[in-house]
Amino acid sequence: MQSEETRQLIENVMEELSQRQGFLEIEDDQKRRYVCASAKEILKTTDKVIKSYIRVSTENNGLMRIPAYRVQHNNISGFYKGGIRFSEFVNEEEVENLAILMTLKNALHRLPFGGAKGGVHVDPRKFSEKELNLISKKYVQRFARDIGPNHDIPAPDLGTNEKIVDWMVGEYKTIHPGQAYLGSFTGKSVDNGGAKGRREATGKGTFLSYAWLLNEWLGEHAKGQEVNRESQWETVQDLREQEKQGNAIRVAVQGFGNVGSVAALEAYKYSPIKHKVVAVSDRFTTLYNHDGLNIEKLIEFTRKGRDLPANRDELVAAGIDAEVKPVKAVLTIETDVLILAAVENQILEENMKEVQARILVEGANAPISLEADQYFEKVGKIVVPDILANAGGVIVSYLEWKQSRVTELYTEDEILTDMSKQMIQTLKAVYDTYFSSVEKTMRFTCFALSLERLTSLLYRHGKLY
Ligand code: NAD
(Lines give C-alpha, C1' and ligand atoms only; values in the text may rest on other atoms or scores of the structure.)
Protein backbone atom coordinates (compact mmCIF):
# COMPACT_ATOMS: atom_id res chain seq x y z
CA MET A 1 0.00 0.00 0.00
CA GLN A 2 1.46 3.33 -1.01
CA SER A 3 1.03 6.65 0.76
CA GLU A 4 -1.72 7.75 -1.66
CA GLU A 5 -3.70 4.64 -0.78
CA THR A 6 -3.16 5.16 2.95
CA ARG A 7 -4.42 8.73 2.61
CA GLN A 8 -7.39 7.56 0.53
CA LEU A 9 -8.39 5.12 3.26
CA ILE A 10 -8.05 7.84 5.93
CA GLU A 11 -10.34 9.97 3.79
CA ASN A 12 -12.95 7.19 3.45
CA VAL A 13 -12.94 6.40 7.16
CA MET A 14 -13.20 10.07 8.17
CA GLU A 15 -16.13 10.49 5.80
CA GLU A 16 -17.91 7.64 7.58
CA LEU A 17 -17.07 8.99 11.05
CA SER A 18 -18.42 12.40 10.09
CA GLN A 19 -21.80 10.80 9.37
CA ARG A 20 -21.90 8.73 12.54
CA GLN A 21 -24.64 10.11 14.80
CA GLY A 22 -23.32 10.89 18.26
CA PHE A 23 -19.63 10.61 17.31
CA LEU A 24 -17.68 12.80 19.77
CA GLU A 25 -21.06 13.48 21.37
CA ILE A 26 -21.70 16.11 18.72
CA GLU A 27 -25.36 16.05 17.74
CA ASP A 28 -25.21 18.90 15.24
CA ASP A 29 -24.44 17.23 11.86
CA GLN A 30 -22.79 20.26 10.38
CA LYS A 31 -20.47 20.77 13.32
CA ARG A 32 -19.49 17.09 13.35
CA ARG A 33 -18.72 17.24 9.62
CA TYR A 34 -16.55 20.30 10.16
CA VAL A 35 -14.66 18.73 13.06
CA CYS A 36 -14.04 15.52 11.09
CA ALA A 37 -12.94 17.40 7.98
CA SER A 38 -10.46 19.29 10.12
CA ALA A 39 -9.11 16.06 11.69
CA LYS A 40 -8.86 14.49 8.23
CA GLU A 41 -6.68 17.32 6.94
CA ILE A 42 -4.38 17.08 9.97
CA LEU A 43 -4.01 13.30 9.76
CA LYS A 44 -3.58 13.11 5.98
CA THR A 45 -0.62 15.45 6.18
CA THR A 46 2.67 15.21 8.03
CA ASP A 47 3.96 17.44 10.84
CA LYS A 48 7.57 17.48 9.67
CA VAL A 49 9.78 15.93 6.97
CA ILE A 50 13.50 16.28 7.56
CA LYS A 51 15.86 15.30 4.79
CA SER A 52 19.60 15.47 5.02
CA TYR A 53 22.67 14.02 3.33
CA ILE A 54 25.11 11.92 5.32
CA ARG A 55 28.72 12.28 4.20
CA VAL A 56 30.62 9.03 4.52
CA SER A 57 34.25 8.30 3.67
CA THR A 58 34.42 4.69 2.50
CA GLU A 59 37.24 2.28 3.26
CA ASN A 60 38.50 2.43 -0.35
CA ASN A 61 39.10 6.17 0.06
CA GLY A 62 35.84 7.09 -1.65
CA LEU A 63 33.37 9.68 -0.47
CA MET A 64 29.60 9.40 -0.58
CA ARG A 65 26.66 11.67 0.21
CA ILE A 66 23.73 9.49 1.20
CA PRO A 67 20.12 10.73 1.51
CA ALA A 68 18.69 10.24 5.00
CA TYR A 69 15.23 11.03 6.38
CA ARG A 70 13.26 11.46 9.58
CA VAL A 71 9.54 11.99 9.11
CA GLN A 72 7.37 12.98 12.08
CA HIS A 73 3.77 12.43 11.14
CA ASN A 74 1.71 13.22 14.23
CA ASN A 75 2.16 13.34 18.00
CA ILE A 76 -1.35 13.92 19.32
CA SER A 77 -1.25 10.55 21.13
CA GLY A 78 2.30 10.89 22.49
CA PHE A 79 5.98 11.32 21.57
CA TYR A 80 6.86 10.51 17.97
CA LYS A 81 7.96 6.90 17.60
CA GLY A 82 9.14 4.75 14.69
CA GLY A 83 12.05 2.70 13.36
CA ILE A 84 14.97 3.65 11.16
CA ARG A 85 15.38 1.62 7.99
CA PHE A 86 18.59 1.10 5.97
CA SER A 87 17.60 0.07 2.45
CA GLU A 88 18.48 0.92 -1.12
CA PHE A 89 14.75 1.52 -1.77
CA VAL A 90 14.28 4.19 0.92
CA ASN A 91 12.73 7.39 -0.41
CA GLU A 92 10.71 10.24 1.07
CA GLU A 93 7.32 8.87 0.01
CA GLU A 94 8.02 5.47 1.53
CA VAL A 95 9.24 6.90 4.85
CA GLU A 96 6.24 9.22 5.04
CA ASN A 97 3.81 6.35 4.43
CA LEU A 98 5.49 4.29 7.15
CA ALA A 99 5.31 7.25 9.56
CA ILE A 100 1.55 7.61 8.97
CA LEU A 101 1.08 3.88 9.59
CA MET A 102 3.01 4.23 12.89
CA THR A 103 0.59 6.92 14.11
CA LEU A 104 -2.35 4.68 13.23
CA LYS A 105 -0.75 1.57 14.76
CA ASN A 106 0.09 3.25 18.06
CA ALA A 107 -3.41 4.71 18.34
CA LEU A 108 -5.05 1.38 17.48
CA HIS A 109 -3.10 -0.37 20.25
CA ARG A 110 -3.60 2.58 22.63
CA LEU A 111 0.12 3.15 23.12
CA PRO A 112 1.09 6.62 24.34
CA PHE A 113 3.12 7.35 21.19
CA GLY A 114 2.63 9.22 17.94
CA GLY A 115 4.07 8.19 14.58
CA ALA A 116 7.43 8.76 12.91
CA LYS A 117 9.88 6.87 10.70
CA GLY A 118 13.48 7.21 9.59
CA GLY A 119 15.40 5.91 6.64
CA VAL A 120 18.82 5.92 5.02
CA HIS A 121 19.16 5.17 1.31
CA VAL A 122 21.85 2.46 1.54
CA ASP A 123 22.05 -1.27 0.99
CA PRO A 124 23.69 -2.21 4.30
CA ARG A 125 25.06 -5.43 2.78
CA LYS A 126 27.39 -3.39 0.56
CA PHE A 127 29.10 -1.58 3.46
CA SER A 128 31.73 -2.78 5.93
CA GLU A 129 31.01 -2.73 9.66
CA LYS A 130 33.21 0.33 10.06
CA GLU A 131 31.30 2.19 7.33
CA LEU A 132 27.93 1.22 8.85
CA ASN A 133 29.15 2.49 12.21
CA LEU A 134 30.01 5.82 10.58
CA ILE A 135 26.64 6.03 8.78
CA SER A 136 24.79 5.30 12.04
CA LYS A 137 26.71 7.94 14.01
CA LYS A 138 26.29 10.53 11.24
CA TYR A 139 22.55 9.86 11.17
CA VAL A 140 22.33 10.77 14.85
CA GLN A 141 24.52 13.86 14.36
CA ARG A 142 22.26 15.07 11.54
CA PHE A 143 19.00 14.47 13.44
CA ALA A 144 20.23 15.11 17.00
CA ARG A 145 17.91 18.08 17.50
CA ASP A 146 14.89 16.19 16.25
CA ILE A 147 15.08 13.02 18.35
CA GLY A 148 15.18 12.38 22.10
CA PRO A 149 13.46 10.42 24.89
CA ASN A 150 10.73 13.04 25.32
CA HIS A 151 10.28 13.96 21.70
CA ASP A 152 10.97 11.31 19.05
CA ILE A 153 12.18 7.81 19.85
CA PRO A 154 13.60 5.69 16.99
CA ALA A 155 14.07 1.88 16.91
CA PRO A 156 15.43 -0.70 14.45
CA ASP A 157 13.57 -1.65 11.26
CA LEU A 158 14.43 -3.32 7.97
CA GLY A 159 18.22 -3.51 7.53
CA THR A 160 19.02 -2.23 11.04
CA ASN A 161 19.42 -4.11 14.32
CA GLU A 162 20.36 -3.78 17.99
CA LYS A 163 24.05 -3.30 17.18
CA ILE A 164 23.25 -0.25 15.02
CA VAL A 165 20.87 1.08 17.67
CA ASP A 166 23.58 0.70 20.35
CA TRP A 167 25.98 2.77 18.20
CA MET A 168 23.27 5.40 17.76
CA VAL A 169 22.60 5.58 21.51
CA GLY A 170 26.34 5.99 22.10
CA GLU A 171 26.44 8.91 19.68
CA TYR A 172 23.32 10.48 21.20
CA LYS A 173 24.99 10.32 24.62
CA THR A 174 28.15 11.96 23.28
CA ILE A 175 26.16 14.80 21.72
CA HIS A 176 24.00 15.35 24.84
CA PRO A 177 26.37 14.82 27.80
CA GLY A 178 24.73 14.64 31.22
CA GLN A 179 21.24 14.04 29.80
CA ALA A 180 19.05 10.94 30.10
CA TYR A 181 19.89 8.91 27.01
CA LEU A 182 18.61 5.34 27.48
CA GLY A 183 15.05 6.28 26.51
CA SER A 184 16.26 7.98 23.31
CA PHE A 185 16.09 4.71 21.32
CA THR A 186 14.37 1.36 21.77
CA GLY A 187 15.52 -1.96 20.37
CA LYS A 188 18.87 -1.67 22.17
CA SER A 189 20.83 -4.78 23.17
CA VAL A 190 19.80 -6.17 26.56
CA ASP A 191 23.25 -5.28 28.00
CA ASN A 192 22.65 -1.70 26.93
CA GLY A 193 19.21 -1.34 28.58
CA GLY A 194 17.15 -3.12 25.90
CA ALA A 195 14.10 -5.21 26.71
CA LYS A 196 14.46 -8.95 26.77
CA GLY A 197 12.39 -10.42 23.97
CA ARG A 198 12.31 -7.23 21.83
CA ARG A 199 13.90 -8.92 18.82
CA GLU A 200 11.31 -11.71 18.78
CA ALA A 201 8.33 -9.52 19.70
CA THR A 202 7.14 -8.52 16.21
CA GLY A 203 7.35 -12.07 14.80
CA LYS A 204 5.63 -13.52 17.86
CA GLY A 205 2.91 -10.88 17.76
CA THR A 206 2.39 -11.41 14.02
CA PHE A 207 1.77 -15.13 14.49
CA LEU A 208 -0.36 -14.46 17.59
CA SER A 209 -2.63 -12.09 15.65
CA TYR A 210 -3.65 -14.97 13.38
CA ALA A 211 -3.42 -17.90 15.83
CA TRP A 212 -5.55 -16.12 18.44
CA LEU A 213 -8.33 -15.76 15.87
CA LEU A 214 -8.41 -19.50 15.22
CA ASN A 215 -7.65 -20.77 18.66
CA GLU A 216 -9.33 -18.33 21.04
CA TRP A 217 -11.67 -15.93 19.31
CA LEU A 218 -13.42 -18.58 17.27
CA GLY A 219 -14.05 -20.77 20.29
CA GLU A 220 -14.80 -18.27 23.03
CA HIS A 221 -15.51 -14.82 21.79
CA ALA A 222 -17.80 -15.70 18.95
CA LYS A 223 -20.33 -17.47 21.13
CA GLY A 224 -23.69 -15.86 20.66
CA GLN A 225 -22.23 -13.06 18.60
CA GLU A 226 -23.93 -12.00 15.44
CA VAL A 227 -21.72 -12.85 12.47
CA ASN A 228 -22.40 -10.99 9.27
CA ARG A 229 -19.39 -12.02 7.33
CA GLU A 230 -20.35 -15.47 6.15
CA SER A 231 -17.45 -16.28 3.80
CA GLN A 232 -14.71 -15.14 6.17
CA TRP A 233 -16.44 -16.98 8.97
CA GLU A 234 -16.43 -20.15 6.85
CA THR A 235 -12.75 -19.68 6.05
CA VAL A 236 -11.82 -19.69 9.74
CA GLN A 237 -14.10 -22.63 10.55
CA ASP A 238 -12.88 -24.69 7.56
CA LEU A 239 -9.27 -24.31 8.62
CA ARG A 240 -10.05 -25.25 12.20
CA GLU A 241 -12.04 -28.29 10.98
CA GLN A 242 -9.25 -29.32 8.58
CA GLU A 243 -6.78 -29.40 11.48
CA LYS A 244 -9.15 -31.30 13.76
CA GLN A 245 -9.33 -33.98 11.08
CA GLY A 246 -5.57 -34.41 11.22
CA ASN A 247 -4.44 -32.13 8.37
CA ALA A 248 -1.96 -29.59 9.68
CA ILE A 249 -2.60 -26.02 8.54
CA ARG A 250 -0.07 -25.04 5.86
CA VAL A 251 1.87 -21.81 6.32
CA ALA A 252 4.14 -19.92 3.88
CA VAL A 253 6.33 -17.03 5.05
CA GLN A 254 7.85 -14.32 2.84
CA GLY A 255 10.99 -12.83 4.46
CA PHE A 256 13.24 -14.71 6.84
CA GLY A 257 14.67 -11.86 8.94
CA ASN A 258 13.72 -10.68 12.43
CA VAL A 259 10.00 -10.89 11.79
CA GLY A 260 9.66 -13.74 9.29
CA SER A 261 12.00 -16.26 10.91
CA VAL A 262 10.38 -15.79 14.34
CA ALA A 263 6.84 -15.99 12.92
CA ALA A 264 7.83 -19.18 11.05
CA LEU A 265 9.28 -20.67 14.24
CA GLU A 266 6.11 -19.82 16.15
CA ALA A 267 4.02 -21.64 13.54
CA TYR A 268 6.44 -24.58 13.54
CA LYS A 269 6.26 -24.97 17.33
CA TYR A 270 2.65 -23.95 18.00
CA SER A 271 1.10 -26.78 20.00
CA PRO A 272 -2.64 -25.87 20.36
CA ILE A 273 -3.15 -26.19 16.59
CA LYS A 274 -0.89 -28.20 14.30
CA HIS A 275 0.80 -26.24 11.51
CA LYS A 276 3.47 -27.07 8.95
CA VAL A 277 5.58 -24.39 7.33
CA VAL A 278 5.62 -25.48 3.69
CA ALA A 279 7.51 -22.48 2.26
CA VAL A 280 9.83 -19.69 3.36
CA SER A 281 11.65 -17.10 1.29
CA ASP A 282 14.18 -14.30 1.48
CA ARG A 283 15.33 -11.77 -1.13
CA PHE A 284 16.93 -14.51 -3.31
CA THR A 285 15.07 -17.80 -2.88
CA THR A 286 11.85 -19.61 -2.00
CA LEU A 287 12.25 -23.00 -0.32
CA TYR A 288 9.34 -25.44 -0.53
CA ASN A 289 8.54 -28.78 1.07
CA HIS A 290 5.04 -30.18 0.89
CA ASP A 291 5.54 -32.01 4.21
CA GLY A 292 6.91 -28.99 6.04
CA LEU A 293 10.38 -27.42 6.46
CA ASN A 294 12.56 -27.77 9.53
CA ILE A 295 12.50 -24.15 10.73
CA GLU A 296 14.92 -24.69 13.62
CA LYS A 297 17.60 -25.89 11.20
CA LEU A 298 16.95 -22.99 8.83
CA ILE A 299 17.31 -20.49 11.68
CA GLU A 300 20.56 -22.15 12.68
CA PHE A 301 21.83 -21.88 9.08
CA THR A 302 20.88 -18.21 8.70
CA ARG A 303 22.31 -17.13 12.06
CA LYS A 304 24.99 -14.43 11.68
CA GLY A 305 23.32 -12.84 8.68
CA ARG A 306 23.54 -15.70 6.15
CA ASP A 307 20.84 -15.98 3.48
CA LEU A 308 18.63 -19.07 3.17
CA PRO A 309 20.32 -22.09 1.54
CA ALA A 310 19.89 -21.60 -2.19
CA ASN A 311 21.52 -24.63 -3.85
CA ARG A 312 21.99 -28.37 -3.32
CA ASP A 313 25.31 -27.99 -1.43
CA GLU A 314 23.90 -25.40 0.96
CA LEU A 315 20.76 -27.45 1.54
CA VAL A 316 22.91 -30.47 2.41
CA ALA A 317 25.07 -28.32 4.72
CA ALA A 318 21.90 -27.03 6.41
CA GLY A 319 20.41 -30.55 6.66
CA ILE A 320 17.28 -29.33 4.82
CA ASP A 321 15.11 -31.24 2.43
CA ALA A 322 13.47 -28.69 0.12
CA GLU A 323 12.85 -27.67 -3.46
CA VAL A 324 14.42 -24.35 -4.48
CA LYS A 325 11.91 -22.13 -6.28
CA PRO A 326 11.96 -18.59 -7.70
CA VAL A 327 11.88 -15.81 -5.12
CA LYS A 328 8.28 -14.70 -5.83
CA ALA A 329 6.91 -18.28 -5.76
CA VAL A 330 6.18 -17.99 -2.03
CA LEU A 331 3.35 -15.53 -2.74
CA THR A 332 1.31 -17.86 -4.93
CA ILE A 333 2.28 -21.26 -3.55
CA GLU A 334 -0.36 -23.75 -2.36
CA THR A 335 -0.84 -22.88 1.30
CA ASP A 336 -3.59 -22.00 3.78
CA VAL A 337 -1.88 -19.07 5.48
CA LEU A 338 0.59 -16.58 3.98
CA ILE A 339 2.64 -14.42 6.36
CA LEU A 340 4.17 -11.43 4.57
CA ALA A 341 7.29 -10.37 6.47
CA ALA A 342 9.60 -8.78 3.91
CA VAL A 343 8.88 -5.46 2.22
CA GLU A 344 6.07 -3.25 0.85
CA ASN A 345 3.94 -3.72 -2.27
CA GLN A 346 4.21 -7.46 -2.82
CA ILE A 347 0.61 -8.32 -3.68
CA LEU A 348 -0.86 -6.03 -6.27
CA GLU A 349 -3.50 -6.13 -8.97
CA GLU A 350 -1.27 -8.20 -11.30
CA ASN A 351 -0.73 -11.14 -8.93
CA MET A 352 -3.65 -10.96 -6.47
CA LYS A 353 -5.75 -13.55 -8.32
CA GLU A 354 -2.95 -16.12 -8.16
CA VAL A 355 -2.76 -16.05 -4.35
CA GLN A 356 -3.94 -19.39 -2.97
CA ALA A 357 -3.71 -18.67 0.78
CA ARG A 358 -7.07 -18.10 2.51
CA ILE A 359 -5.62 -16.04 5.37
CA LEU A 360 -2.94 -13.39 4.76
CA VAL A 361 -1.09 -11.80 7.69
CA GLU A 362 0.92 -8.59 7.25
CA GLY A 363 4.06 -8.87 9.39
CA ALA A 364 5.69 -6.33 7.06
CA ASN A 365 4.27 -2.85 6.58
CA ALA A 366 2.07 -2.27 3.55
CA PRO A 367 2.78 -5.47 1.53
CA ILE A 368 -0.77 -5.61 0.05
CA SER A 369 -2.28 -2.90 -2.15
CA LEU A 370 -5.66 -1.39 -1.35
CA GLU A 371 -7.12 -2.94 -4.49
CA ALA A 372 -5.85 -6.43 -3.62
CA ASP A 373 -7.15 -6.00 -0.08
CA GLN A 374 -10.64 -5.23 -1.37
CA TYR A 375 -10.49 -8.12 -3.82
CA PHE A 376 -9.53 -10.59 -1.04
CA GLU A 377 -12.43 -9.30 1.04
CA LYS A 378 -14.85 -10.00 -1.81
CA VAL A 379 -13.64 -13.54 -2.37
CA GLY A 380 -13.88 -14.49 1.31
CA LYS A 381 -10.20 -14.39 2.27
CA ILE A 382 -9.06 -12.81 5.52
CA VAL A 383 -6.34 -10.16 5.59
CA VAL A 384 -4.93 -9.34 9.04
CA PRO A 385 -3.51 -5.86 8.37
CA ASP A 386 -0.09 -4.53 9.34
CA ILE A 387 -1.19 -2.01 11.98
CA LEU A 388 -2.94 -4.84 13.81
CA ALA A 389 -0.53 -7.74 13.20
CA ASN A 390 2.96 -6.28 13.51
CA ALA A 391 2.59 -4.16 16.67
CA GLY A 392 4.43 -6.61 18.97
CA GLY A 393 7.71 -4.73 18.47
CA VAL A 394 6.36 -1.30 19.32
CA ILE A 395 4.43 -2.66 22.32
CA VAL A 396 7.67 -4.09 23.72
CA SER A 397 9.44 -0.86 22.74
CA TYR A 398 6.99 0.96 24.99
CA LEU A 399 7.95 -1.35 27.87
CA GLU A 400 11.64 -0.76 27.09
CA TRP A 401 11.13 2.99 27.08
CA LYS A 402 9.22 2.78 30.40
CA GLN A 403 11.97 0.55 31.82
CA SER A 404 14.60 3.15 30.91
CA ARG A 405 12.70 5.80 32.88
CA VAL A 406 12.40 3.79 36.08
CA THR A 407 15.73 1.92 35.65
CA GLU A 408 13.99 -1.30 36.53
CA LEU A 409 14.42 -4.39 34.38
CA TYR A 410 11.50 -6.56 33.34
CA THR A 411 12.05 -10.27 32.79
CA GLU A 412 11.51 -11.76 29.33
CA ASP A 413 8.40 -13.53 30.61
CA GLU A 414 6.92 -10.30 31.96
CA ILE A 415 7.67 -8.53 28.69
CA LEU A 416 6.16 -11.17 26.42
CA THR A 417 3.14 -11.72 28.67
CA ASP A 418 2.45 -7.97 28.74
CA MET A 419 2.87 -7.79 24.98
CA SER A 420 0.40 -10.65 24.40
CA LYS A 421 -2.14 -9.16 26.84
CA GLN A 422 -1.99 -5.80 25.14
CA MET A 423 -2.27 -7.30 21.66
CA ILE A 424 -5.16 -9.56 22.63
CA GLN A 425 -7.19 -6.58 23.86
CA THR A 426 -6.85 -4.95 20.44
CA LEU A 427 -7.36 -8.21 18.53
CA LYS A 428 -10.62 -8.79 20.37
CA ALA A 429 -11.86 -5.26 19.66
CA VAL A 430 -10.99 -5.57 15.95
CA TYR A 431 -12.31 -9.11 15.38
CA ASP A 432 -15.56 -8.40 17.27
CA THR A 433 -16.18 -5.31 15.15
CA TYR A 434 -15.04 -6.82 11.85
CA PHE A 435 -17.07 -10.02 12.05
CA SER A 436 -20.24 -8.21 13.08
CA SER A 437 -20.03 -5.54 10.38
CA VAL A 438 -20.68 -5.84 6.66
CA GLU A 439 -18.65 -5.13 3.54
CA LYS A 440 -15.74 -3.20 5.06
CA THR A 441 -12.26 -4.77 5.07
CA MET A 442 -10.45 -5.56 8.33
CA ARG A 443 -8.03 -2.76 7.41
CA PHE A 444 -10.96 -0.34 7.29
CA THR A 445 -12.05 -1.58 10.74
CA CYS A 446 -8.54 -0.99 12.15
CA PHE A 447 -8.24 2.46 10.55
CA ALA A 448 -11.70 3.35 11.92
CA LEU A 449 -10.85 2.34 15.52
CA SER A 450 -7.57 4.19 15.30
CA LEU A 451 -8.93 7.35 13.66
CA GLU A 452 -11.77 7.49 16.17
CA ARG A 453 -9.19 7.70 18.93
CA LEU A 454 -6.96 10.22 17.14
CA THR A 455 -9.90 12.46 16.24
CA SER A 456 -11.20 12.31 19.79
CA LEU A 457 -7.76 13.32 21.15
CA LEU A 458 -7.45 16.17 18.64
CA TYR A 459 -10.93 17.35 19.61
CA ARG A 460 -10.25 17.16 23.35
CA HIS A 461 -6.98 19.03 22.87
CA GLY A 462 -8.96 21.80 21.23
CA LYS A 463 -7.34 21.40 17.81
CA LEU A 464 -10.46 21.06 15.68
CA TYR A 465 -12.16 24.43 16.03
P1 NAD B 1 15.04 -7.92 8.25
O2 NAD B 1 15.97 -7.03 7.53
O3 NAD B 1 15.48 -8.59 9.48
O4 NAD B 1 14.53 -9.09 7.25
C5 NAD B 1 13.94 -8.84 6.01
C6 NAD B 1 13.78 -10.15 5.25
O7 NAD B 1 13.09 -9.90 4.04
C8 NAD B 1 15.09 -10.82 4.86
O9 NAD B 1 14.97 -12.22 4.89
C10 NAD B 1 15.28 -10.36 3.40
O11 NAD B 1 16.10 -11.25 2.64
C12 NAD B 1 13.86 -10.37 2.92
N13 NAD B 1 13.64 -9.48 1.79
C14 NAD B 1 14.13 -8.24 1.62
N15 NAD B 1 13.74 -7.74 0.44
C16 NAD B 1 12.96 -8.69 -0.12
C17 NAD B 1 12.25 -8.79 -1.34
N18 NAD B 1 12.24 -7.75 -2.20
N19 NAD B 1 11.55 -9.93 -1.60
C20 NAD B 1 11.54 -10.95 -0.71
N21 NAD B 1 12.20 -10.91 0.45
C22 NAD B 1 12.89 -9.81 0.74
O23 NAD B 1 13.73 -7.05 8.50
P24 NAD B 1 12.62 -7.27 9.60
O25 NAD B 1 12.97 -6.50 10.82
O26 NAD B 1 12.29 -8.71 9.69
O27 NAD B 1 11.39 -6.49 8.94
C28 NAD B 1 10.59 -7.09 7.93
C29 NAD B 1 9.37 -6.21 7.70
O30 NAD B 1 8.64 -6.09 8.92
C31 NAD B 1 9.65 -4.78 7.25
O32 NAD B 1 8.64 -4.39 6.35
C33 NAD B 1 9.53 -3.97 8.54
O34 NAD B 1 9.16 -2.63 8.30
C35 NAD B 1 8.40 -4.71 9.22
N36 NAD B 1 8.39 -4.52 10.66
C37 NAD B 1 9.46 -4.87 11.42
C38 NAD B 1 9.41 -4.69 12.79
C39 NAD B 1 10.55 -5.11 13.67
O40 NAD B 1 10.38 -5.03 14.90
N41 NAD B 1 11.66 -5.61 13.15
C42 NAD B 1 8.28 -4.12 13.38
C43 NAD B 1 7.18 -3.80 12.59
C44 NAD B 1 7.25 -4.00 11.21
Side-chain angles (χ1 to χ4, degrees), residues 1 81-90 94-95 97-99 101-102 104-106 109 111 115 117-119 122-125 154-165 185-188 194-195 197-207 209 252-265 279-287 298-299 301-310 325-331 338-348 351 361-368 385-398 400 419 423:
M1 214 163 93
K81 178 104 193 71
I84 299 172
R85 155 177 299 204
F86 283 5
S87 149
E88 67 275 37
F89 301 111
V90 158
E94 179 191 88
V95 183
N97 190 31
L98 294 168
L101 291 175
M102 278 308 291
L104 294 166
K105 190 192 304 182
N106 288 332
H109 293 269
L111 296 169
K117 201 79 183 187
V122 282
D123 178 354
R125 304 158 64 91
D157 190 66
L158 192 82
T160 52
N161 51 31
E162 62 182 34
K163 188 189 245 183
I164 288 179
V165 168
F185 286 79
T186 59
K188 304 178 288 290
R198 167 64 183 85
R199 198 190 69 77
E200 296 82 13
T202 305
K204 284 190 184 228
T206 296
F207 184 73
S209 68
V253 184
Q254 186 196 35
F256 206 70
N258 272 336
V259 182
S261 68
V262 174
L265 187 64
V280 295
S281 80
D282 65 6
R283 69 177 74 207
F284 301 115
T285 322
T286 291
L287 295 180
L298 283 172
I299 289 182
F301 186 83
T302 52
R303 216 177 282 285
K304 299 201 177 132
R306 275 180 87 174
D307 297 311
L308 286 169
K325 289 185 173 280
V327 61
K328 290 273 180 194
V330 69
L331 300 173
L338 173 60
I339 299 178
L340 297 153
V343 286
E344 290 83 354
N345 302 320
Q346 294 302 295
I347 301 185
L348 313 167
N351 61 353
V361 190
E362 292 186 327
N365 291 306
I368 299 178
D386 45 12
I387 63 169
L388 179 62
N390 72 23
V394 69
I395 294 173
V396 171
S397 277
Y398 168 57
E400 177 178 342
M419 185 273 281
M423 273 205 71

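As the structure lists them, so they are numbered: ligands from 1, and atoms in each ligand from 1. Reckoned from all heavy atoms, side chains included, excluding hydrogens, waters and symmetry mates. Note that the structure is predicted; figures quoted are calculated from it, not measured.
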E400 and K188 ion-paired at < 4.0 Å: yes
Whether the side chain of N161 engages the backbone of R199 through a donor-acceptor N/O pair (distance < 3.5 Å, no angle test) should be reported. no
Would a distance-only check, ignoring hydrogens and angles, find a side-chain to backbone donor-acceptor pair under 3.5 Å from D282 to F256? no
With F207 via ring pair (Phe, Tyr, Trp, His ring centres under 6.0 Å) - residues at least two apart: Y210, Y270, H275
Is the shortest side-chain N to carboxylate O distance from R85 to E94 below 4.0 Å? yes
State whether the side chain of S261 and the backbone N or O of G257 hold a donor-acceptor pair below 3.5 Å, judged by distance alone. yes
Sort out the contact shell of ligand 1: every protein residue with a heavy-atom distance below 4.0 Å, listed by chain and number. R85, K105, D157, L158, G159, R198, T202, Q254, G255, F256, G257, N258, V259, D282, R283, A341, A342, V343, G363, A364, N365, N390
